[in-house]
Novice: 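Here you go, one structure.
What's counted below: heavy atoms across the whole structure, side chains too, no hydrogens, waters or symmetry copies. First the proteins, then the strands, lettered A, B, ... as listed; each starts at 1.
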2 protein chains.
Amino acid sequence: MSGNPNGDRRSARRQETLAEIVAAAWEMVAEHGLAGLSMRDLGDRVGMRAQSLYSYFASKNKIYDAMFMEGYQAFSAWMEATDDPRFRADPARPARLLAHRFVEFCTIDPVRYQLLFQRTIPGFEPSPESYAVALKAYENARERLADSGLRDQETTDLWTAMLTGLADQQISNDPGGDRWERLVDRAVDLLLADPQTHPHTESDKA
Amino acid sequence: MSGNPNGDRRSARRQETLAEIVAAAWEMVAEHGLAGLSMRDLGDRVGMRAQSLYSYFASKNKIYDAMFMEGYQAFSAWMEATDDPRFRADPARPARLLAHRFVEFCTIDPVRYQLLFQRTIPGFEPSPESYAVALKAYENARERLADSGLRDQETTDLWTAMLTGLADQQISNDPGGDRWERLVDRAVDLLLADPQTHPHTESDKA
DNA sequence: GTCTATAGAATGATAGAC
DNA sequence: GTCTATCATTCTATAGAC
């Protein structure tokens with residue numbers, strides 16, 4: 001749109017600063033918890049006064065919003081990576097991979113998990129744009145799960161509960177370990193072996 | 001120890017006030033979230049100035065601590081109630097009852113669930129006395145679970161993850177409904193039917 | 001775009017009169 | 001045991017100079 005090279009350069013510089021602020025915000029919440037994000041300290045961290053941050057984000061919640069969107073983009077990208085053609089033949093493996101991938105995503109960054117999958121920030125609501133990114137991520141995950149043979153709502157609900165439960169216990173009670181993570185395969189196999197998971201097995205065989 | 005009837009009466013009065021403050025605190029966090037407990041508002045609620053609360057609790061965290069202990073006492077009492085002799089004969093039912101009872105305890109009061117089973121209050125650590133109550137509650141629950149046939153650590157870990165996962169999804173995504181709660185039976189049966197749950201079945205039959 | 005200055009409001013907690 | 005007065009912070013956010 002803009003034929004002005006200076007405009008492009010300025011815009012690029014601005015994008016860099018925006019990204020730098022968000023990166024510093026991730027650092028901060030990793031250290032002080034999700035609620036421990038303070039404009040003053042965030043300003044210190046990127047080398048400006050807290051008030052100057054308002055040139056980039058209209059409010060603190062806009063920063064959470066940017067983190068929220070970035071988090072779901074990362075989630076989509078992370079789950080994309082399980083689309084490995086080598087495992088398409090085996091009916092059990094894709095589900096296991098999917099499950100491990102999900103639990104890993106959660107345990108790698110507990111604060112991100114909290115921001116994306118739990119609701120613990122008092123006044124924060126994601127913007128429509130960010131929420132759209134989240135919805136798309138969920139839809140992708142649902143489709144991939146369907147490819148693994150888990151289709152009906154009750155089964156996918158149980159799947160979700162099991163995996164978030166495992167991730168949550170892992171994060172809360174054995175951070176850095178694998179006491180719950182190593183139960184992922186067993187949980188997945190349990191669900192795949194359940195007759196209720198495949199209510200139409202007979203017709204599927206035809 | 002004190003033979004002074006006035007002392008007893010004063011002590012009783014004090015206990016009443018302590019209980020009243022904690023009850024008001026539960027009300028407050030139910031309305032404004034776990035972090036939304038403010039000494040000023042709490043004072044208003046019990047009809048005294050915020051500063052006067054410090055005659056009863058040395059700090060805000062001491063109030064959280066009292067709630068924590070009360071919560072685990074409630075948990076023990078709640079799980080005791082499943083000790084129904086009528087169901088001891090059926091090997092499947094005690095586990096189902098136990099599971100339902102647990103999930104109900106969580107969903108009935110989400111804020112209490114958050115205080116007891118998640119770690120979301122920044123500076124709060126339970127006191128040794130409160131923690132002892134929590135440990136005893138866990139030990140009781142573990143024994144009851146063992147009576148239901150779930151004994152090895154991996155299985156009880158999976159049990160915990162499944163049920164907290166179901167409770168969490170229920171609270172977060174369908175408050176007041178039963179979309180996840182109605183999956184409890186299926187989850188329990190899945191675990192009971194799993195061969196890995198009874199690694200020593202042969203010798204048990206002897 | 002960044003700064004200083006500052007508003008405006010909330011917080012948890014203490015000291016000391018009564 | 002409750003009060004008034006107050007401290008000492010923290011916080012988000014705005015106004016306006018440069």
Novice: Given C:dT2, is OP1 or OP2 found less than 4.0 Å from the side-chain N or O atoms of A:Tyr56?
Specialist: yes
Novice: Checking contacts here: which listed nucleotide (D:dT12, D:dT2, C:dG12) is nearest the side-chain heavy atoms of A:Met39?
Specialist: D:dT12
Novice: Any base atoms under 4.0 Å from B:Thr17, or only sugar-phosphate, or nothing? Heavy atoms, all strands.
Specialist: nothing
Novice: Hey, is A:Arg45 close enough to A:Glu31 for a salt bridge, meaning N to O under 4.0 Å?
Specialist: yes
Novice: Would you mind telling me which residue lines up with the more 5' stretch of DNA chain D, A:Ala58 or B:Met48, judged by nearest nucleotide?
Specialist: B:Met48
Novice: Using atom CG of A:Leu42 as one end and atom P of C:dT2 as the other, report the distance to the nearest whole Å.
Specialist: 13 Å
Novice: Using the six-membered ring of A:Trp78, assess whether NZ or CZ of A:Arg101 lies under 6.0 Å from its centre and within 45 degrees of the ring axis.
Specialist: yes
Novice: Without decimals, in angstroms, what is the distance between A:Leu37 CG and D:dT10 P?
Specialist: 16 Å
Novice: Classify A:Leu53 by what it touches in the nucleic acid, base, sugar-phosphate, or nothing, heavy-atom distance under 4.0 Å.
Specialist: nothing
Novice: In whole angstrom, give the distance that lies between atom CZ of A:Phe124 and atom C1' of D:dT12.
Specialist: 17 Å
Novice: Over how many whole Å does the gap from B:Gln51 atom CD to C:dT11 atom P extend?
Specialist: 12 Å
Novice: Check whether any side-chain nitrogen or oxygen of B:Ser52 sits under 4.0 Å from OP1 or OP2 of D:dC3, and answer yes or no.
Specialist: yes
Novice: For A:Arg40 and for A:Gly47, find the nucleotide of DNA chain C with the closest heavy atom, then tell me which residue's nucleotide is more 5'.
Specialist: A:Gly47
Novice: Would A:Arg112 pass as a cation-pi partner of A:Phe105, given that its NZ or CZ must be under 6.0 Å from the six-membered ring centre and within 45 degrees of the axis?
Specialist: yes
Novice: Nearest-nucleotide wise, let me know which of B:Ala50 and A:Ala50 is further upstream toward the 5' end of DNA chain D.
Specialist: B:Ala50
Novice: So does A:Ser55 get a side-chain nitrogen or oxygen closer than 4.0 Å to the phosphate oxygens (OP1/OP2) of C:dT2?
Specialist: no
Novice: From the list D:dC11, D:dT4, C:dC3, which nucleotide is the closest neighbour of the side chain of B:Arg49?
Specialist: D:dT4
Novice: From CD of B:Glu16 over to P of D:dG1, roughly how many Å is that when rounded to an integer?
Specialist: 13 Å
Novice: In this structure, how many angstroms lie between the C1' atom of D:dT10 and the CE atom of A:Met28, rounded?
Specialist: 12 Å
Novice: Give A:Arg13 one of three labels, base, sugar-phosphate or nothing, depending on what nucleic acid heavy atoms sit under 4.0 Å from its own.
Specialist: nothing
Novice: For the pair made of NZ in B:Lys60 and C1' in C:dT14, what is the distance, rounded to whole Å?
Specialist: 17 Å
Novice: Could you give the OH-to-P distance, from B:Tyr54 to D:dA5, as a whole number of Å?
Specialist: 19 Å
Novice: Flag the pair A:Arg182 and B:Glu154 as a salt bridge only when some basic side-chain nitrogen lies within less than 4.0 angstrom of an acidic carboxylate oxygen.
Specialist: yes
Novice: For the pair B:Glu16 and B:Arg13, find out whether any cationic side-chain nitrogen is under 4.0 Å from an anionic carboxylate oxygen.
Specialist: yes
